[in-house]
2 protein chains.
Amino acid sequence: MPKKSTDDASRLTGTQSIERALLLLREIAAHNRSGSRLLDLATRTHLQRPTVHRMLKCLTHEGMVQQDADSHRYYLGSMAFELGLTAAPRFNLREICHPAMVRIAEATGDTVFLTQRSGPDAVCIDRHEGTFPIKTFTLDIGMRRPLGVGTGSLAIVAALPDDEIQNIFNSNQTRFEEYGVSGPSLLTQAHKAQKLGYSMREAPTLAGVRSVGHSIRNQSGTAFAALSVSSISSRMTEKRVTEIAVLLKNEVRLIEKQLINAM
Amino acid sequence: MPKKSTDDASRLTGTQSIERALLLLREIAAHNRSGSRLLDLATRTHLQRPTVHRMLKCLTHEGMVQQDADSHRYYLGSMAFELGLTAAPRFNLREICHPAMVRIAEATGDTVFLTQRSGPDAVCIDRHEGTFPIKTFTLDIGMRRPLGVGTGSLAIVAALPDDEIQNIFNSNQTRFEEYGVSGPSLLTQAHKAQKLGYSMREAPTLAGVRSVGHSIRNQSGTAFAALSVSSISSRMTEKRVTEIAVLLKNEVRLIEKQLINAM
DNA sequence: CAATATCCGTCCATTTTACGGACTAATTGA
DNA sequence: TCAATTAGTCCGTAAAATGGACGGATATTG
């Protein structure tokens, strides 16, 4: 039954199963603290259970995925970790941004996050905590969520051309629900962020947390990462939000200069 | 033409292309500093060029692989890095071993390596340098080589049952050549290491470097990792080798105790 | 503690997907 | 400028992957 996959436009041919395997890996990565059950993976990826099972068996065999013997839940495996170690030297965004994150954390006292775009997702690749005693750890390092969900993520989206924003929101539509946010509202928020030059919002899942984000662009001008600062809402007055936005903007300017030399 | 793949016994079915894709990823990882050309990848993986190309196109599209625009060479991509970050919290061997590595580096003055088995390969997952001014950086973090090539690697092999050693050496045979070592000689060295309880050898590729290694076993008693110490041969007298071996053995004992609690 | 609902894992006939031989384009290098 | 090497593409064919259906394990409920 040709379900006429209404997926993305960018159709590659002759690689269906690899695409599916990577889709699975991303989905497992997106829930790596709690682990994923076979059925949930099948549902979330829109694949048939037998297909998912067969692929997971292979991925497990090769070490990309691990299955907990008791719970049967799937997690990323040691090979994923090792490939990451190997790839790391070529991805020095973390190192480049580290001093800036320290400075921002010191200046604000709040927690700073570094987020990087990964296709239809955004991944938190670093975090630095400030001194203020109430900490808001809205993101763990390595956490993967649909593009547009976090505040840093929103800043990345807002910096993209309008038609691409639409594309992303269309393809992530169903995934947004899982994170308790609606597509249309995200679009409004993205437009607001475009006007302001930075993103700001209340965490939808965690009441009382407010964040400010600013995108980072590469040499060719496309936003591929973002810095964001998170704090309890009571500290995030309107005045303070704009102050932090300026702080972020300046630090990002420095980072972007370094990117030109480094990459 | 049914080439009757004389591969490994553990035949999975319905996952050929995923297996091949992962084989490619491992092969790219094994040469990630210099990058890999399409043809070399095809040769090393024993796959057809069109197949490799098609798969690389997909992997590149998904961010697992990156292609340098000028040289056309392939490297691991940002998604590999990100998956690694996500997987990291569940692989704390590094953290557990870190204090031991510091102590060993201080005691010996030489460079200490932590190696982990990954199927038919071994991957260097950590390194700590001693104070002695002549340093022997025989391994970079993330470096992947066929199991049996390095000294830590050799210690892991030596701790396996004899038939498995044979299997590994058979399937890695051709890959050994690339690293300038011969299978049979490795077998002798493995047997020697079994008698001694630790592995020791002169680096085959880099004259004047001698290393000592000791395997680390998990709860179920199988060797899955190793600590090793590397130094210039003039420092590695026979007496000193045995001293370092004792030092390693004691540290490994402590690590193995922690593994029981941690994992 | 049956009975029942879920979910995991496997089988196998069918068909779509991926394979790879052959060709073209791009790049190197002599 | 021309040969040699490598990258990338096409497409008919065969084999690999798909997924509906079933058996078995584990959790849940009455």
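What you see below is based on every heavy atom in this structure, not just the backbone, and it leaves out hydrogens, waters and symmetry mates. Residue numbers start from 1 in every chain, and the chains themselves are labelled A, B, ... in the order their sequence lines are given, proteins ahead of strands.
- Summarising the geometry of A:Ala122 relative to A:Leu147, their closest heavy-atom pair is CB-CD1, 3.8 Å, with the distance given to 0.1 Å.
- Between A:Glu82 and B:Arg144, at least one side-chain N (NZ, or NE/NH1/NH2) sits under 4.0 Å from a carboxylate O, which counts as a salt bridge.
- In this structure, A:Arg90 forms a cation-pi arrangement with B:Tyr75, its terminal cationic atom sitting closer than 6.0 Å to the ring centre and no more than 45° off the ring axis.
- In this structure, CD of A:Gln67 is placed 15 Å from P of C:dC7, rounded to the nearest angstrom.
- Using a 4.0 Å heavy-atom cutoff across all strands shown, A:Arg73 reaches no nucleic acid atom at all.
- In terms of phosphate contacts, B:Tyr74 brings a side-chain nitrogen or oxygen within less than 4.0 Å of OP1 or OP2 of D:dG8.
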*Base-contact (B) and sugar-phosphate-only (S) positions in nucleotides 25-30 of chain C, heavy-atom cut-off under 4.0 Å, - elsewhere*: ------

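- Ionic pairing of A:Asp126 and A:Arg94 is present here: one or more N-O contacts between side-chain nitrogen and carboxylate oxygen are shorter than 4.0 angstrom.
- Between the CD1 atom of A:Ile18 and the P atom of D:dA16 there is a distance of 15 Å, rounded to whole Å.
- Close to D:dT18, at under 4.0 Å from its OP1 or OP2, lies a side-chain N or O of A:Gln16.
- Residues A:Asp40 and A:Thr43 have side chains that never bring a donor and an acceptor to within less than 3.5 angstrom of each other.
- Rounded to the nearest 0.5 angstrom, A:Met143 CE and A:Asn32 CG are separated by 10.5 Å.
- At a threshold of 4.0 Å, the pair A:Arg117-A:Glu164 counts as salt-bridged, since one of the basic side-chain nitrogens sits closer than that to a carboxylate oxygen.
- For DNA chain D, none of the residues of residues 26-41 of chain A falls under the heavy-atom distance limit of 4.0 Å.
- Taking 4.0 Å as the cut-off between side-chain N and carboxylate O, A:Asp121 and A:Arg175 count as a salt-bridged pair.
- Using a 4.0 Å cut-off, no side-chain N or O of A:Arg20 falls inside it from OP1 or OP2 of C:dT17.
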*With side chain to side chain contact (heavy atoms under 4.5 Å, CB included) as the test, would you mind laying out the steps for B:Arg127 and B:Asp140 before giving the verdict?*
CA-CA 8 Å; B:Arg127 178 173 87 178; B:Asp140 293 322; 3.3 Å; yes

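- A close approach under 4.0 Å does occur between a side-chain nitrogen or oxygen of A:Ser17 and OP1 or OP2 of C:dA18.
- DNA chain D lies under 4.0 Å from at least one heavy atom of each of the following residues of residues 47-59 of chain B: B:Arg49, B:Pro50, B:His53, B:Lys57.
- Donor-acceptor pairing under 3.5 Å is lacking for the side chains of A:Arg73 and A:Gln67.
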*asked:* One pair to check against side chain to side chain contact (heavy atoms under 4.5 Å, CB included): B:Phe224 and B:Arg217. What are the steps and the verdict?
replied: CA-CA 6 Å; B:Phe224 73 109; B:Arg217 292 162 189 272; 5.7 Å; no

